[in-house]
Amino acid sequence: MIASVIVDVPAKQTDRSFDYKIPESLNDVIKPGMRVVVPFGPRKIQGFVVSIKPQSDFKKLKEIIEPMDLYPVLTDELLELGDWLTDKTLAYKISAFQVMLPAALKAKYEKKLRIMPSVTPESLAAPLQAIFKNNDTYSWDEASNQGLLSILQKEANRGKIEVVYEVKERIKKKTIKYLLPKVTKEELINLMNEMPANASKQKEVLNFFIDHPKQIESRELLSVLGISSATVKSLVKKNILLEKSLEVYRDPYEDRKFDTTKPLPLSEDQEKAIRPILTTIEEKLQKVFLLYGVTGSGKTEIYLQSIQQVIEKGREAIVLVPEISLTPQMVKRFKGRFGNKVAVLHSGLSLGEKYDEWRKIQRKEVSVVVGARSAIFAPFENLGIIIIDEEHETSYKQEDNPRYHARDVAVQRSIFHRCPVVLGSATPSLESFARAKKGVYELLTLPKRMNNHALPSVQIIDMREELREGNRSMFSRSLLEGIKARLEKKEQIVLFLNKRGHSSFVMCRDCGYVINCPNCDISLTYHRANQQMKCHYCGYESFVPKQCPECSSEHIRYFGTGTQKVEEELGKILPEARVIRMDVDTTSRKGSHERLLDDFQAGKADILLGTQMIAKGLDFPNITLVGVLSADTMLHLPDFRSSEKTFQLLTQVSGRAGRHELEGEVIIQTYTPEHYSIELAGEQNFDRFFDREMMMRKLHHYPPFYYITLITISHENVMKVVSVTENIAKYVGTRVSKDAIILGPVASPIPRINNRYRYQCLIKYKREPDLSRILKSLLDHYQQEMASSGLQISIDLNPYILM
DNA sequence: AGCACGCCGACT
DNA sequence: GTCGGCGTGCTC
């Protein structure tokens, strides 16, 4: 039989299947969806079997070397989904497969030099003798570093050395070694008595097993008896003890207990919202629901009870949660309800932990997966529901190849499995809400908070006014009063700082000169930890200069209203307030995120000060004031979604206040109070915001009225970039319909990264069935230049970041 | 992406 | 005459 294989070479020319003969011995072993090792040119590489057929058009077939899996890692559905994904994103097939699997399954390659078996080290050139004296292989990279390649090549030509390629697994399955007696208790006693007197340690071991005949983890035995593994080894050799390895999962939540929860009684609104979902599950229909419920309206309980129903039907559930809110709190809610039927996938896990969670899914040992974006590819075969929480979050769009949106994948998979997709949000994306209004999605609404708690009152403070009245601090008078009042009443405060847009850069106070990266047109970010400035795009690092390079002033210092600065300021004005700061610096260590939140919940602090990461999911009864220090930092980004993002963020943050008995208050500080996204966030009026923003989008030909596609071209030479971009704009322009609008060529918002100049071209269109084909031929046309002269063309159909 | 093959310049 | 530069084209 013949296997069609997609090889692990991400390039235009190899983006197709290659046929291999399946060796006789592997005839019923090799299945579609398996990883295999195949010869490719002179090398050995990994590949995915996509299909098996009786014959091939190709004559000189090579054989598959070996399978890498016992069972396929990709189901038929996922293989098919790979085709769909490559079609939608113009990515390589191999990248599509790779993105669907845990990184642990990606092959690692090694290139080595090996001395031929019949050759003795002494017969090699002098510098090589020592190397091959004790080893028969030597790493290629090492040889290259030592400058030994040319000698080795000569030996290779004489047939004394050969080049070997190896394909290796990235990680091993974790095993634990156990020991148990191989003989009966009586025999153990006999054996012990027969042992020579000097074998005291071995006697101890036997004695132990006489009292404890069950198997024990060998590590534990060694530490209990204080013996070395040599003692055990000899007993194993004598066939008295048996050593066995058991495969175990690396369980990131191993030592945690989750209190079990029972389904809560639903409110009338919840009841009304869940009914259509349950019916859809019951009738095995494919349908997309938009669950639009204000913050604190009980969306999670709807998710939980829908999943309950799915599990009872013997089917499986995928729950997507934005990375940032995939906190232990969130995990607790699912593990609490469904116990060990839940797998969790997020970026905080190690490679091995992710792999193990994935294997639980593959082996159907769990029926629910809670995870970030990539969990949408969980290899379930009987999906009953897909839930995407915080549906509007932009992190569901992957920003490198394949540039997929988890929402689109969810819909595609739901069609295959005939199951509902539930998109939940308090501030739905414009795209989804528009679709719900058109009837493409079914809209479910939860208009009220649980137990009828009122939404917090929101006050918008004009910081220009504050400045005019002589208040130069970062806290308005109202906010300061509010904080003081809460401190007195022993209630808690959340202060939110939106750092995006202007993170901590270094600027000269005299001339305004900002220190930029020498390779990229972007300011360097100050890192307090090592007192250095770093470029987030190319990794360039340097120390803060003592003097301004422009005007030689010494008043050069680190700028930007960072959380540390706010913390300092708070310490000056309100020294009695206890503050917990949460940002990348304080939460980088594993588990620190959770610890800080626990401390805050336990009342060990009055104020929680943080960035993005505290905008979601916090649900503490004692928070009665939320302050947003500057609402408009992200409003001025060059992005047509900036208003939408601002509105969503403000609404989310506001939702942190007054979720329980105590009433909440929100204070938003801004320099542009008249902007509709801020004004309407203040009113918590999504519907008016929606209408208003839709008008803007229509006016400027943006989604959801138009589709957009972004082409970014980069090269070391500016002239080259400009001319290629011009040609591309022209090429596309003559091929699309006249309703399409082409913007560009223009320089990208970040015009240079890592010394490569970047230009872009944006296509807006309503209906271009041929666009995909046009773009593919475009890539074909530039294929050689992209391979040889370092030209890069990236295409994003439906981009979320326009930079 | 690698890697081999192949065709031109500066060296013992 | 040969070592080595990197353009070109192939990999079942």
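Note that the coordinates shown come from a computational prediction; the quantities given were computed from them, not determined experimentally. Throughout, protein chains are lettered first and strands after them, A, B, ... in sequence-line order, and every chain is numbered starting at 1.
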[X] has an atom [atom1]; how far is it from atom [atom2] of [N], in whole Å?
X         : N       : atom1 : atom2 : value
Gln46(A)  : dC12(C) : CD    : C1'   : 17 Å
Arg43(A)  : dC12(C) : CZ    : P     : 10 Å
Gln153(A) : dC5(B)  : CD    : P     : 12 Å
Ile45(A)  : dG2(B)  : CD1   : P     : 10 Å
Lys154(A) : dG4(C)  : NZ    : P     : 8 Å
Ile6(A)   : dT11(C) : CD1   : C1'   : 14 Å
Lys59(A)  : dT11(C) : NZ    : P     : 12 Å
Gln55(A)  : dC12(C) : CD    : C1'   : 16 Å

May I ask you to verify if any side-chain N or O of [X] is less than 4.0 angstrom from the OP1 or OP2 atom of [N]?
X         : N       : answer
Tyr109(A) : dG2(B)  : no
Lys12(A)  : dA1(B)  : no
Lys60(A)  : dC12(C) : no

When you get a sec, tell me which of [options] is the closest nucleotide to the side chain of [X]?
X         : options                  : result
Lys111(A) : dC12(C), dC3(B), dT11(C) : dC3(B)
Tyr20(A)  : dA1(B), dC3(B), dC12(C)  : dC12(C)
Phe18(A)  : dA1(B), dT11(C), dC3(B)  : dT11(C)
Arg16(A)  : dT11(C), dC3(B), dA1(B)  : dT11(C)

Checking side-chain hydrogen bond (donor to acceptor under 3.5 Å, both in side chains) between Lys93(A) and each of Asp83(A), Asp87(A), Thr14(A), Asp15(A), which is the one that passes?
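Of all the options given, the one that passes is Asp83(A).
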Distance-only polar pair, side chains of Ser347(A) and Glu323(A), donor-acceptor under 3.5 Å:
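Yes, because at least one side-chain N or O of Ser347(A) sits under 3.5 Å from a partner of the opposite role on Glu323(A).
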Across the strands shown, which category fits Tyr92(A) at heavy-atom distances under 4.0 angstrom: base, sugar-phosphate, nothing?
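Nothing, no nucleic acid heavy atom in range.
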Quick one: sort the Phe97(A) and Phe48(A) rings into parallel, tilted or perpendicular, breaks at 30° and 60°.
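Ring orientation, 0 to 90° scale: tilted.
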How are the rings of Phe377(A) and Tyr404(A) set to each other: parallel, tilted or perpendicular (split at 30° and 60°)?
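Because their plane-to-plane angle is over 60°, the rings of Phe377(A) and Tyr404(A) count as perpendicular.
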So, Lys168(A) and Glu110(A), do they make that salt bridge, N to O below 4.0 Å?
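Result for this pair is yes, salt bridge flagged.
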Compare the aromatic ring of Phe40(A) with the six-membered base ring of dT11(C) and state whether they stack according to the 5.5 Å and 30° rule.
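Aromatic stack with dT11(C) present for Phe40(A).
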